[in-house]
Protein chains: 2
Amino acid sequence: MGTVTKALELLDLFTRARPVIGLSDLARLADLNKATCYRLATELTDYGLIEQVGSTKEYRLGPAVLRLAALREFHVPTRDAAMPVLQALADETGETAHLSLLIGRDLKAIALAYSSAHATRVMMEDTEILPFHATSSGQAVLAFQPDSIREIILGQALPRLTPHTITDPAEIRARLATVRTEGFAESTGGFEADVHSLAVPLFDALGRCSGGLAVAAPKGRVTDRSRAQIRAALARAGNEITTLWGGSLPPAIATLWRTAA
Amino acid sequence: MGTVTKALELLDLFTRARPVIGLSDLARLADLNKATCYRLATELTDYGLIEQVGSTKEYRLGPAVLRLAALREFHVPTRDAAMPVLQALADETGETAHLSLLIGRDLKAIALAYSSAHATRVMMEDTEILPFHATSSGQAVLAFQPDSIREIILGQALPRLTPHTITDPAEIRARLATVRTEGFAESTGGFEADVHSLAVPLFDALGRCSGGLAVAAPKGRVTDRSRAQIRAALARAGNEITTLWGGSLPPAIATLWRTAA
DNA sequence: ACCATCGGTTCGAATAATGAACCAGCCAAG
DNA sequence: CTTGGCTGGTTCATTATTCGAACCGATGGT
């Protein structure tokens, strides 16, 4: 593994639940020698990807990420464009909506929107990496990947995260086929017990499925009626975001979503 | 210089004016061997900081920056918090407003807002790094840095970017003293000929000056009246953003701005 | 006074980065 | 259809950089 990758992996240690990390912790979490970790952290700090805060000298993500994101949004409006749609989706369904993107080999959440309709809502605090096999977003995205990529992912370990997580590759393949014929993915308690979620795939300008859009609700609140409503809202929002991204839906999906919405 | 820094410097080659870069160009621009550049680019690509687009395989900034920025904004709302104020500043003054942050040893623009009041407006296309000596933002920020940092920066080369650029360190030091007593920095044609700009410093929660806020207008459109209006708007906006950042103004500045607004 | 931990530093050994030369593929000019 | 100059990508021996055990001074709790 290259030095650059090692340095960048430090960035992944920062999460919503753990936004600041001291040098020793950083080294422990990254399984790196403290000296090595210090050098890498110093280089990241010099560039501004992380910064040291206050007298304790702990690290957190730095201002450089803002500049890079602003530049990317200028050229390829992704998050900014999708944000209002995401919030509208949360408002319309009364549940938590989130948007995820395929980054490297992982599916990562990049935006959340909450609804204030209910006092209890699904929070997604420390959820950056969405496991493909255990989440509806993951299944929605996986269903529309090329066979080669899908098989690489299904060949990896598929940890049982809850008693309801599906871990059999064959069973997952069957579900993905269903996702393709229905245009929606559904997961109940596979990632977090008591959370139901529905998701749709999103497509970029080259027709590749590059992300997912999901609505997560407490299991007990989901009825046949609300499921249908969420599906309709997801279809509309998925269509809208894909359009905003300059993408185009596979014709089969477009047809399926039209009937849902 | 470390490998990580070299890799990260590749990211700086992407600008608004040059958002996609091929491998050979990237190597040339970075003054790196093509093989080296390729390895670094591959590592950045694997992480998602850059991505290859289409059949031409050119590189552009990748989706990972969005995730990192979302995480940082969650913990330290900076850009998101300032954005509406920035737009209001542009609307109120009828000119281009921009926000810059001290990142590493450079001052970099992270957000722009345009006004639709006039057909001609100052565009800031390829302006990521704002030279301290030649811009009003730079002078505003430099004026409030600790002596040690200020002297390091003034000790560097101060290129003459236009016929009106001030390049004499002594003269700059004098202007910075004025900035401190007035609470505003002003530059006319020092960075781009025919552009007038006014700026104020911004302060973070630790009382450090960590950025600048500026309004840039075509030189010919600036009158005594509009200058006063811009200063008043800048004072209000600077105050507001500093507050949003949980920062506090140095008492001297607070007093100065109160009289302007 | 003690011990553990913190951020940061040192220096020889070990490893990873480097770059000249080399592919194959593409495209436009001759 | 050949030539030549470009592209993105690859190889491998040389070498410069990274690595990590041990060490430092400071801090904080017992």
Side-chain angles (χ1 to χ4, degrees), chain A residues 1-14 18-62 75-76 104-105 146 148-149 152 205-206 208, chain B residues 1-14 18-62 75-76 104-105 146 148-149 152 205-206 208:
Chain A
M1 190 205 327
T3 310
V4 176
T5 301
K6 251 175 265 181
L8 295 178
E9 282 178 350
L10 288 182
L11 300 177
D12 282 334
L13 299 174
F14 297 91
R18 195 198 314 118
V20 299
I21 310 179
L23 174 61
S24 296
D25 280 341
L26 204 59
R28 264 191 295 274
L29 290 165
D31 196 24
L32 253 57
N33 182 284
K34 192 161 50 118
T36 303
C37 186
Y38 174 70
R39 265 187 339 95
L40 298 179
T42 301
E43 289 200 75
L44 292 176
T45 304
D46 286 344
Y47 186 78
L49 276 185
I50 59 179
E51 65 180 0
Q52 287 185 285
V53 51
S55 57
T56 156
K57 301 238 181 187
E58 286 180 306
Y59 297 92
R60 69 176 177 200
L61 289 177
H75 182 231
V76 192
R105 277 187 196 77
S148 57
I149 293 182
I152 290 173
L206 283 80
R208 296 171 308 196
Chain B
M1 189 206 322
T3 310
V4 176
T5 301
K6 253 176 267 182
L8 295 177
E9 282 179 350
L10 288 182
L11 300 177
D12 282 334
L13 299 174
F14 297 92
R18 196 200 309 120
V20 298
I21 310 179
L23 174 62
S24 296
D25 280 341
L26 204 59
R28 264 190 296 275
L29 289 165
D31 196 22
L32 280 149
N33 182 284
K34 192 163 50 121
T36 302
C37 185
Y38 175 70
R39 266 185 339 96
L40 298 179
T42 301
E43 290 200 75
L44 293 176
T45 303
D46 286 344
Y47 186 77
L49 276 185
I50 60 178
E51 66 181 359
Q52 286 185 286
V53 51
S55 58
T56 156
K57 302 236 180 189
E58 286 181 306
Y59 297 91
R60 70 176 177 201
L61 289 176
H75 183 230
V76 192
R105 276 188 197 77
S148 57
I149 292 182
I152 289 173
L206 283 80
R208 297 172 308 196

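A, B, ... follow the sequence lines: proteins, then strands. Residue 1 opens every chain.
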- Query: A/Y38 has an atom OH; how far is it from atom P of D/dC24, in whole Å?
  - Reply: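 To the nearest whole Å, that distance equals 18 Å.
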- Message: Measuring only between side-chain heavy atoms, which start at C-beta, is A/I21 closer than 4.5 Å to A/F14?
- Response: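 Counting from C-beta outward, A/I21 and A/F14 do come under 4.5 Å.
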- Message: Closest-nucleotide mapping onto DNA chain C: is B/L32 or A/K6 further toward the 5' terminus? I mean the 5' end.
- Response: A/K6
- Query: What is the bend of the helix from C/dA1-D/dT30 to C/dG30-D/dC1 when you compare the axis at one end with the axis at the other, using five pairs each and rounding to 10°?
  - Reply: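 Taking five pairs per end, the axes differ by 40°.
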- Message: Please identify the 5'-most and 3'-most nucleotides of DNA chain C with any atom under 4.0 angstrom from a heavy atom of chain A.
- Response: C/dC6 to C/dA17
- Once you round it to whole Å, what is the distance between C1' of D/dT11 and CZ of B/R39? 13 Å
- Message: Check this one for me: any side-chain N or O of A/T36 less than 4.0 Å away from OP1 or OP2 of D/dG20?
- Response: yes
- How long is the line joining CG of B/L23 and P of D/dG9, in whole Å?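 One finds 6 Å between P of D/dG9 and CG of B/L23, rounded.
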- Task: Whole angstrom is fine here: how far is it from CG in A/L40 over to C1' in D/dG20?
- Result: 13 Å
- Task: With the side chain counted from C-beta on, respond yes when A/I50 and A/L11 share a heavy-atom pair under 4.5 Å apart, and no when they do not.
- Result: yes
- Message: Whole angstroms only, please: what is the NZ-C1' distance between A/K34 and D/dA21?
- Response: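 After rounding, the reported distance stands at 11 Å.
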- Message: OP1 or OP2 of D/dC6 versus the side-chain N and O atoms of B/R28: is any pair under 4.0 Å?
- Response: no
- Does a side-chain heavy-atom distance below 4.5 Å link A/Q52 with A/E58? no
- Message: Does any part of the side chain of A/Y47, heavy atoms only, come nearer than 4.5 Å to the side chain of B/D12, both counted from C-beta?
- Response: yes
- Using atom CG of A/L10 as one end and atom P of D/dT18 as the other, report the distance to the nearest whole Å.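 Rounded to the whole Å, the gap is 14 Å.
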- Task: Would you confirm whether B/R18, through its side chain, and B/L13, through its main-chain N or O, come within 3.5 Å as a donor-acceptor pair?
- Result: yes
- Query: Within this structure, what is the CD-to-C1' distance between B/E58 and D/dT7, rounded to whole angstrom?
  - Reply: 10 Å
- Message: From the set D/dG8, D/dT18, D/dT11, return the single nucleotide nearest to any side-chain atom of A/T3.
- Response: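 So the side chain of A/T3 is nearest to D/dT18.
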- Supply the atom-to-atom distance B/D31 CG to B/E9 CD, rounded to the nearest 0.5 angstrom. 11.0 Å
- Note on the structure: Of A/L8, A/L10, A/L26, A/V4, the one forming a side chain to side chain contact (heavy atoms under 4.5 Å, CB included) with A/L40 is A/L10
- Would you say B/L23 and B/Y38 make side-chain contact, with heavy atoms under 4.5 Å? yes
- Message: So, OP1 or OP2 of D/dG9: does either fall under 4.0 Å of a side-chain N or O from B/Q52?
- Response: yes
- Got a sec, which residues hit side chain to side chain contact (heavy atoms under 4.5 Å, CB included) with A/I152, two or more places apart in sequence or on another chain? A/Q156
